[in-house]
Student: 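There's a structure below that I have some questions on.
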Amino acid sequence: MQKLLLLLSFLLSLFMSAQITISGTVRFKNKGVKDISVTLKNTYDGATTDENGKYSFETSEKGNHILFFSNPKFGEVEKTITISNVAIEANADLKEQISEIDAVVISAGSIEASDKKRATTLLTPIDIYTTAGANGQVTAALETLPGVQKIGETEGLFVRGGTGTETKFFMDGNLVNNFFGNSIPGIKSMDRLNTSLFKGNVFSSGGYSAVYGQALSSVLALESIDFPERNSIDLGISPIFVTVGFQNVDDKKTKSFGISASYSNLGLMTEVIKFNNTFTKAPESFGTNFNFRIKNKNGGILKYYGSFDTNKIGLQEESLEPNIDFDNTNLTGQNTFHNLSFKQKFGKYLLNLGGSYTFNSNIIDLNSIEQNIEINPNTIQVKGNYFNAKATLERKINKISAIRSGIEFNQTNETTEVALSPNAIDFKDGITSVFAETDLGFSNNFSAKVGLRSEYSTAVNQWNLAPRLAMAYRISKNWTSSLAYGIFYQNPENRYFGYSPLNYQKAEHYILQLQKSEEGRNFRLEAFYKNYADLIKTKALGYRPVAINNNGDGFAKGFEMFWRDKKSIKNIDYWVSYSFLDSERNFQNYDQSLFPSFAAKHTLSFVAKKFVTAWKTGFNVSYTYTSGRPYYNFTTDNNGDYHLNQQGKLKDFNALNFSLNYLPALGKKDAKAFTVLVLGINNVLGQKNIYGYQFSNDGLRSRPILPSTDTFIFIGAFINFGIDRTEDAINNNL
């Protein structure tokens with residue numbers, strides 16, 4: 001036994017003497033890094049670095065081996081070593097592992113909602129439908145975000161001191177003309193495109209990409225769904241409208257088609273609810289649309305969407321002019337819109353092709369009533385054909401870098417006929433645009449976007465050149481900063497052409513953002529400055545204002561705050577936004593620099609949502625406050641020049657909205673129809689809000705511009721045969 005123990009001790013000493021120590025330090029940017037795995041390839045020997053990046057382990061291996069350093073956040077490093085009888089020191093310097101998921105996102109001036117970047121998702125379609133007071137409208141829901149003004153008397157998205165026409169809309173990359181329905185002054189029209197068409201959106205309140213143009217303030221880029229989930233039939237019923245739709249998709253999701261139609265009439269509601277307007281023809285509309293999608297063998301997707309709608313409205317108001325009792329306005333509108341897009345990957349290249357076409361007709365009949373006799377009849381008819389075509393080619397350089405370029409063409413043919421004028425006014429314009437842009441990912445913590453866009457307009461008869469620059473830097477794990485700068489050009493509105501040659505209107509954007517993003521929470525602070533130049537100045541000639549030069553200017557500056565939280569309060573999703581705006585403009589009919597009448601210095605919005613599973617009901621509330629906007633009355637002299645005659649300030653705007661969604665089929669596994677019952681009340685407290693004032697021609701008499709109704713109540717049922725969306729309604733509100 002003693003001899004056996006002596007032999008084992010001898011063999012053990014030999015084995016121990018054969019163990020060689022391998023040690024070293026692993027650094028990143030000259031600092032030690034912990035939790036780096038260090039192993040000898042094809043062995044079980046290795047260690048993990050400590051707080052100072054140091055490691056040490058022993059091995060009995062001999063000869064040439066590969067020392068392997070790895071961690072998901074860094075690129076893998078291999079070192080060849082030769083193991084003999086001497087301890088080895090092997091140090092390593094790591095490089096950052098570039099990842100599309102971990103890379104910092106440039107977000108100055110933009111808010112994105114998509115499946116690709118859930119961390120920055122802020123407004124999905126479910127969010128829009130469940131925002132009280134938004135009535136399922138994309139633009140109405142955006143009014144709860146920072147930078148967007150609450151405007152109730154006219155359509156448009158008014159952003160950071162910009163007019164409604166300074167925001168442009170895109171569907172799958174193509175320009176959408178006449179995004180809002182036809183309407184008359186004082187009555188705000190709704191979005192034409194249905195929110196359910198889209199899977200995501202990017203809303204830029206400034207500093208947007210060189211891929212887009214002809215917008216002084218902002219763009220809203222909507223991305224439609226690729227394919228429906230499955231075959232389905234949709235039905236919507238309310239006292240206001242009836243809708244029905246059908247979608248068909250094959251099992252492999254390579255082709256689909258769908259069609260829907262809707263009819264709405266506000267006649268019944270005018271009998272039930274007190275309206276501030278006197279309708280001679282209650283708002284009535286009919287619309288239909290068709291879509292198809294085809295996916296080829298190589299993954300390319302062709303999408304088509306087409307729509308047609310018509311609407312009518314008649315309004316009577318007490319006249320502000322002497323010796324006239326009433327003024328009548330009647331509108332008949334028609335619109336058709338077609339959008340075609342194709343997307344295909346070719347190796348490292350991505351090709352996007354698309355085009356859109358819009359025809360819009362707006363006929364307004366005007367007359368006055370004096371002692372029950374119709375006088376001063378007039379008809380204004382505007383017909384327009386609008387075409388957009390665009391091609392973009394993008395190439396990935398690495399995981400987080402890319403370069404893209406493209407060309408875009410817009411054609412406008414518009415005719416305005418006025419019964420009291422002997423000659424029609426024809427407006428034609430062709431805009432050719434070229435652009436190039438690169439995404440530069442220097443690391444997961446630093447990225448930049450550099451772009452350049454140039455446009456030529458036949459109406460303006462000149463080229464422009466617009467550089468764009470944006471950068472983002474990650475300050476810490478959850479905090480990022482972004483900076484954006486850009487020059488933006490936009491043609492004057494079509495209706496102002498005809499007196500003298502005009503130039504592009506110009507805006508420069510400077511944006512600085514600080515953002516904190518973590519699971520369930522998002523906080524943003526953003527400061528901005530916009531400098532306007534070459535804005536048009538107008539005078540009254542005949543029956544309409546026309547632009548006489550580009551001598552206008554202005555600025556807009558301010559800061560904004562946004563906080564969204566799905567985590568702190570159990571089962572409650574809420575967000576708060578605040579905007580401060582300081583702005584002045586000398587443009588159009590302003591005879592001096594003034595704070596714009598369509599802007600408020602202070603805007604505050606609060607939105608909260610809670611779904612109670614036991615009750616199968618979602619509760620939604622929103623509140624909006626804006627400080628009083630200014631109002632102005634301009635009168636004209638014999639030369640048609642405008643002069644400020646009267647000014648004032650509106651009272652502050654307040655509106656508390658409430659809605660609930662009840663899902664009776666929730667939890668029923670054998671249900672064949674999935675129903676959502678909706679109740680919505682806008683301005684629950686019945687605040688007497690005022691949007692502005694209308695003045696008589698001499699400026700001596702006026703009346704307030706009021707909402708159509710102080711409090712509006714909506715009830716409806718939405719039934720889907722084929723797709724259970726109840727889980728979506730719950731999960732997206734928890």
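Side chains are part of it too, since the values below use all heavy atoms of this structure and drop only hydrogens, waters and symmetry mates.
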Student: So F580 and H602, do their side chains get closer than 4.5 Å, heavy atoms only?
Tutor: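 Answer yes - side chains close enough.
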Student: If I take atom CD from residue E318 and atom CZ from residue R701, how far apart are they, to the nearest 0.5 angstrom?
Tutor: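 Answer rounded to 0.5 Å: 13.0 Å.
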Student: Measuring only between side-chain heavy atoms, which start at C-beta, is F562 closer than 4.5 Å to L145?
Tutor: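 The answer is yes, as the side chains (C-beta and beyond) meet within the 4.5 Å cut-off.
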Student: For a 4.5 angstrom cut-off between non-hydrogen side-chain atoms, does V148 reach F203?
Tutor: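 Yes, side chains in contact.
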Student: Taking it one step at a time, do L197 and T195 satisfy side chain to side chain contact (heavy atoms under 4.5 Å, CB included)?
Tutor: CA-CA 5 Å; L197 287 170; T195 300; over 6 Å; no
Student: Will you find, in the side chains of T358 and N360, an N or O donor that is under 3.5 Å from an N or O acceptor?
Tutor: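 Not at all, the side chains of T358 and N360 share no donor-acceptor pair under 3.5 Å.
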Student: Could you check if a side-chain atom of L512 sits within less than 4.5 angstrom of a side-chain atom of Y510, using non-hydrogen atoms only?
Tutor: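 The answer is no, as the side chains (C-beta and beyond) never meet within the 4.5 Å cut-off.
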Student: What I'd like to find out is whether the side chain of R192 reaches to under 4.5 Å of the side chain of D309, using heavy atoms alone.
Tutor: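 They are in side-chain contact.
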Student: Show the nearest heavy-atom pair for residues N182 and Q334, with the distance to one decimal.
Tutor: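 So the minimum-distance heavy-atom pair works out to ND2-N, 3.5 Å.
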Student: In plain terms, say whether E284 and K312 are close enough for a salt bridge, that is, a side-chain N and a carboxylate O under 4.0 Å apart.
Tutor: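 No, no charged N to carboxylate O under 4.0 Å.
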Student: How long is the straight-line distance from CG of L660 back to CH2 of W615, given to the nearest 0.5 Å?
Tutor: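 It comes to 11.0 Å.
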Student: Can Y625 and D652 be counted as having a side-chain donor-acceptor contact under 3.5 angstrom?
Tutor: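 Yes - a donor-acceptor pair under 3.5 Å links their side chains.
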Student: Charged N to carboxylate O under 4.0 angstrom, R585 versus E166?
Tutor: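 Between E166 and R585 there is a salt bridge, with a charged N closer than 4.0 Å to a carboxylate O.
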Student: Could you tell me how the ring of F695 sits relative to the ring of Y693: parallel (under 30°), tilted (30 to 60°) or perpendicular (over 60°)?
Tutor: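 Plane angle between 30° and 60°, so tilted.
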Student: Could you tell me whether a side-chain N or O of D191 sits under 3.5 Å from a main-chain N or O of L193, the two making a donor and an acceptor?
Tutor: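 No, D191 side chain to L193 backbone: no donor-acceptor pair under 3.5 Å.
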Student: Do any N or O atoms from the side chain of Q513 and from the backbone of S482 form a donor-acceptor pair under 3.5 angstrom?
Tutor: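 Judged by distance alone, no pair lies under 3.5 Å.
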Student: Can you tell me if NZ on K188 sees more than 12 non-hydrogen neighbours from other groups inside 6.0 Å?
Tutor: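 For K188, atom NZ is crowded (more than 12 foreign heavy atoms under 6.0 Å).
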Student: Can you see whether Y574 engages D565 through a side-chain donor-acceptor pair at a distance of less than 3.5 angstrom?
Tutor: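 Looking only at side-chain atoms, D565 and Y574 do form a donor-acceptor pair, the distance falling under 3.5 Å.
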Student: Give the ring-plane orientation class for F555 versus Y529, where under 30° counts as parallel, over 60° as perpendicular and anything between as tilted.
Tutor: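 Parallel: the ring planes of F555 and Y529 meet at under 30°.
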Student: Just checking, is any N or O donor in the side chain of R524 or S577 under 3.5 Å from an acceptor N or O on the other one?
Tutor: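 There is no such pair (donor and acceptor under 3.5 Å, judged by atom type) between the side chains of R524 and S577.
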Student: I'd like to know whether CD1 of I273 has more than 12 heavy-atom contacts from other residues, nucleotides or ligands below 6.0 angstrom.
Tutor: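 Yes.
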Student: Pair K506, D534 - check salt bridge (charged side-chain N to carboxylate O under 4.0 Å, His left out), show working.
Tutor: CA-CA 6 Å; K506 179 183 176 182; D534 301 325; over 6 Å; no
Student: Kindly give the heavy-atom pair with the smallest separation between Y129 and G136, and that separation in Å.
Tutor: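 Heavy atoms of Y129 and G136 come nearest at CD2-CA, 3.9 Å.
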Student: Nearest 0.5 Å please: distance from the CG atom of N362 over to the OG atom of S183.
Tutor: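 Reported to 0.5 Å precision, the distance equals 8.5 Å.
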Student: Let's go through T711 and N682 carefully: what are the C-alpha distance in whole Å and the side-chain angles of both, what is the deciding distance for side chain to side chain contact (heavy atoms under 4.5 Å, CB included) to 0.1 Å, and is it a yes or a no?
Tutor: CA-CA 6 Å; T711 300; N682 292 358; over 6 Å; no
Student: Quick one about D327 and S319 (side-chain donor to acceptor, distance below 3.5 Å, no hydrogens or angles considered), yes or no?
Tutor: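 Looking only at side-chain atoms, D327 and S319 do form a donor-acceptor pair, the distance falling under 3.5 Å.
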Student: Could you tell me whether a side-chain N or O of Q137 sits under 3.5 Å from a main-chain N or O of M190, the two making a donor and an acceptor?
Tutor: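 Judged by distance alone, no pair lies under 3.5 Å.
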Student: Within this structure, what is the NZ-OG distance for the pair K150 and S579, rounded to the nearest 0.5 Å?
Tutor: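 Separation between the atoms: 14.0 Å.
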Student: Is the closest side-chain heavy-atom distance between T278 and E317 below 4.5 Å?
Tutor: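 No, every pair of side-chain atoms sits at 4.5 Å or beyond.
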Student: Give a yes or no on whether the backbone of G164 and the side-chain of T167 come within a donor-acceptor separation of less than 3.5 Å.
Tutor: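 Answer holds: no.
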Student: Is D710 salt-bridged to K274, cutoff N-O under 4.0 Å?
Tutor: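 Here D710 does not pair with K274 in a salt bridge, since their nearest N and O are not under 4.0 Å apart.
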Student: Say you draw a straight line from CG of L142 to CD1 of I128; how long is it, rounded to the nearest 0.5 Å?
Tutor: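 Here the rounded value is 6.5 Å.
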Student: Any side-chain donor paired with an acceptor under 3.5 Å for S205 and S218?
Tutor: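 Result is no, nothing qualifies.
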Student: Minimum heavy-atom separation for Q214 and N491, please, with both atom names.
Tutor: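 It is OE1-N, 3.0 Å.
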Student: Flag the pair T131 / K609 as yes when at least one side-chain heavy-atom distance between them is below 4.5 Å, and no otherwise.
Tutor: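 They are in contact (side-chain heavy atoms under 4.5 Å apart), so the answer is yes.
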Student: Could you list the residues that satisfy side chain to side chain donor-acceptor pair (under 3.5 Å) with K537, not counting sequence neighbours?
Tutor: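 Counting only residues at least two positions away or on another chain, K537 forms a side chain to side chain donor-acceptor pair (under 3.5 Å) with N586.
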Student: Does a donor on one side chain sit under 3.5 Å from an acceptor on the other, for N633 and Y631?
Tutor: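 N633 vs Y631: no donor-acceptor pair found between side chains.
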Student: Determine, step by step, whether D573 and R564 satisfy the salt bridge (charged side-chain N to carboxylate O under 4.0 Å, His left out) criterion, reporting the C-alpha distance in whole Å, the side-chain angles of both residues, the deciding distance to 0.1 Å, and the verdict.
Tutor: CA-CA 8 Å; D573 173 18; R564 184 170 187 178; 2.5 Å; yes
Student: Run D582 and K601 through side chain to side chain contact (heavy atoms under 4.5 Å, CB included) and show every step you take.
Tutor: CA-CA 6 Å; D582 182 21; K601 278 189 175 293; 3.6 Å; yes
Student: At their closest point, which heavy atom of V612 faces which heavy atom of F619, and how far apart are they?
Tutor: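 Taking V612 first and F619 second, the nearest heavy atoms are CG2-CE1, 3.9 Å.
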Student: Just by distance, do the side chain of S622 and the backbone of F606 share a donor-acceptor pair under 3.5 Å?
Tutor: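 Checked: no pair found.
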Student: For atom CD of E321, decide whether the heavy atoms of other residues, nucleotides or ligands shown that lie under 6.0 angstrom number more than 12.
Tutor: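 Check passes, neighbour count above 12.
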Student: Can you confirm whether the side chains of Q687 and N654 place a donor and an acceptor under 3.5 Å from each other?
Tutor: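 No, no side-chain donor-acceptor contact under 3.5 Å.
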Student: Between the side chains of S517 and N522, does any donor sit under 3.5 Å from an acceptor?
Tutor: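 Note: S517 and N522 side chains meet the donor-acceptor criterion.
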Student: According to side chain to side chain contact (heavy atoms under 4.5 Å, CB included), who are the partners of S262, at least two apart in sequence or on a separate chain?
Tutor: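 For S262, the residues satisfying side chain to side chain contact (heavy atoms under 4.5 Å, CB included) (neighbours in sequence not counted) are T243.
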Student: Is the shortest heavy-atom distance from the side chain of I690 to the side chain of L706 under 4.5 Å?
Tutor: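 Answer yes - side chains close enough.
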Student: Please confirm whether F488 and H509 have ring centers closer than 6.0 angstrom.
Tutor: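 Under 6.0 Å, so yes.
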Student: So that I know where these two stand, are F286 and Y263 an aromatic pair - ring centroids less than 6.0 Å apart?
Tutor: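 Centroid separation for F286 and Y263: 6.0 Å or greater.
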Student: Looking only at heavy atoms, which two atoms of I511 and R160 are closest? And how far apart?
Tutor: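 Of all heavy-atom pairs spanning I511 and R160, the closest is CD1-NH1, 3.8 Å.
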Student: Go through the steps to decide whether R629 and E153 satisfy the test salt bridge (charged side-chain N to carboxylate O under 4.0 Å, His left out), and finish with yes or no.
Tutor: CA-CA 13 Å; R629 290 190 279 142; E153 70 272 26; 3.1 Å; yes
Student: Report the C-alpha distance between L366 and I380 in whole Å, list the side-chain angles of each, state the deciding distance to 0.1 Å, and finish with yes or no for side chain to side chain contact (heavy atoms under 4.5 Å, CB included).
Tutor: CA-CA 8 Å; L366 305 168; I380 302 173; 4.2 Å; yes
Student: Just wondering, more than 12 heavy atoms not from K651 lying within 6.0 Å of its NZ?
Tutor: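 Count over threshold, so yes.
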Student: Look at the rings of F179 and F169 and say which category their plane angle falls in: under 30° parallel, 30 to 60° tilted, over 60° perpendicular.
Tutor: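 Taking F169 first and then F179, their aromatic rings lie parallel (interplane angle under 30°).
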Student: Let me check something: any side-chain donor-acceptor pairs from residues 587-597 under 3.5 Å, sequence neighbours excluded? List them with distances.
Tutor:
| unit_1 | atom_1 | unit_2 | atom_2 | d |
| --- | --- | --- | --- | --- |
| Y590 | OH | S597 | N | 3.2 |
| D591 | OD2 | L644 | N | 3.0 |

Student: How far apart are the closest heavy atoms of A556 and L581, and which atoms are they?
Tutor: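 Nearest heavy atoms, A556 then L581: CB-CD1, 4.1 Å.
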Student: What distance do F559 atom CZ and E526 atom CD have between them, rounded to the nearest 0.5 Å?
Tutor: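 So the CZ of F559 and the CD of E526 are separated by 12.5 Å.
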